[in-house]
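Below: the structure, in structure tokens.
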Amino acid sequence: MSSTDNDSDSMEFFEINNSDVSHERLDGEVIVISLAEGLYYSFSGSAADVWWLVQEGYSPDGMVEVLSEVFELPSNDVHELGIDKFIEQALDRGLISRVEQRNVSPKPIPHDYARGIWIPPSFTEFTDLKDLILVDPIHDTTTLGWPMIRDE
């Protein structure tokens with residue numbers, strides 16, 4: 001099932017909050033930066049793949065179908081797989097938002113790491129660079145520029 005299917009009114013779709021979030025995938029890991037909160041996150045393995053599927057416009061049920069092609073899934077239930085929990089956590093942090101429908105042409109999951117048995121998606125949150133991420137590079141820095149922060 002892809003994001004363009006209209007078979008069910010109960011399907012939910014999500015999109016990345018691109019105005020407040022920057023993200024990059026490399027070798028099965030996605031680094032996500034919340035520019036609004038000054039936090040960054042590491043998504044690896046199944047979390048990187050679920051993030052990719054959100055980016056490509058899949059509903060959670062559609063995600064299960066795609067993930068079953070690359071993982072050994074113990075179930076086809078979004079709740080049992082932990083996909084709904086992962087999505088709720090990303091929603092709570094403002095990384096993604098709900099949308100009514102996505103009209104995109106989904107791309108396959110990148111083949112950038114070895115997959116096997118399903119491990120529920122989770123991520124690590126980092127706060128150590130919050131002050132630097134939240135700096136206004138024009139108004140809050142010295143004449144030397146970022147990351148040299150002006151004294152208050």
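- Y113 and V66 fall within a single hydrophobic cluster, where Ile, Leu, Val, Met, Phe, Trp and Tyr side chains are chained together by heavy-atom contacts under 4.5 Å.
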What side-chain donor-acceptor pairs closer than 3.5 Å can you find for residues 81-92, not counting sequence neighbours?
unit_1: D84; atom_1: OD2; unit_2: H79; atom_2: ND1; d: 2.9
unit_1: E88; atom_1: OE2; unit_2: R98; atom_2: NH2; d: 2.8

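- Taking CG from L53 and CD from E65, the interatomic distance works out to 11.0 Å, rounded to the nearest 0.5 Å.
- By the 4.5 Å heavy-atom criterion applied to side chains, V50 and F123 are not counted as neighbours.
- Of all heavy-atom pairs spanning A48 and V30, the tightest one is CB-CG2, 3.8 Å.
- Here the CE atom belonging to M63 is positioned 12.0 Å from the OG atom belonging to S46, to the nearest 0.5 angstrom.
- Scanning all heavy atoms of the two residues, the minimum distance from F13 to G57 falls at CD2-O, 3.4 Å.
- Connection of I119 to L73 is not established within any shared hydrophobic cluster, with ILVMFWY side chains joined at heavy-atom distances below 4.5 Å, either directly or through further cluster members.
- Distance check: Y40 OH to S34 OG gives 13.5 Å after rounding to the nearest 0.5 Å.
- For the pair P110 and R25, the minimum side-chain heavy-atom distance is below 4.5 Å.
- A donor-acceptor pair is defined here as one N or O able to donate and one able to accept, closer than 3.5 Å; no such pair exists between the side chain of N17 and the backbone of D20.
- Rounding to the nearest 0.5 Å places OH of Y41 at 11.0 Å from CD1 of I33.
- Note on ring orientation: taking the six-membered ring where Trp is involved, the planes of H23 and W51 are perpendicular (angle over 60°, cut-offs 30° and 60°).
- Summarising the geometry of W52 relative to P108, their closest heavy-atom pair is NE1-O, 3.3 Å, with the distance given to 0.1 Å.
- With rounding to the nearest 0.5 angstrom, the CG atom of L26 is 12.5 Å from the OG atom of S44.
- I109 places a side-chain heavy atom less than 4.5 Å from the side chain of R115.
- Between Y58 and L67 there is no side-chain heavy-atom pair separated by less than 4.5 Å.
- Rounding to the nearest 0.5 Å places CD of E72 at 12.5 Å from CH2 of W118.
- By the 4.5 Å heavy-atom criterion applied to side chains, V32 and S22 are not counted as neighbours.
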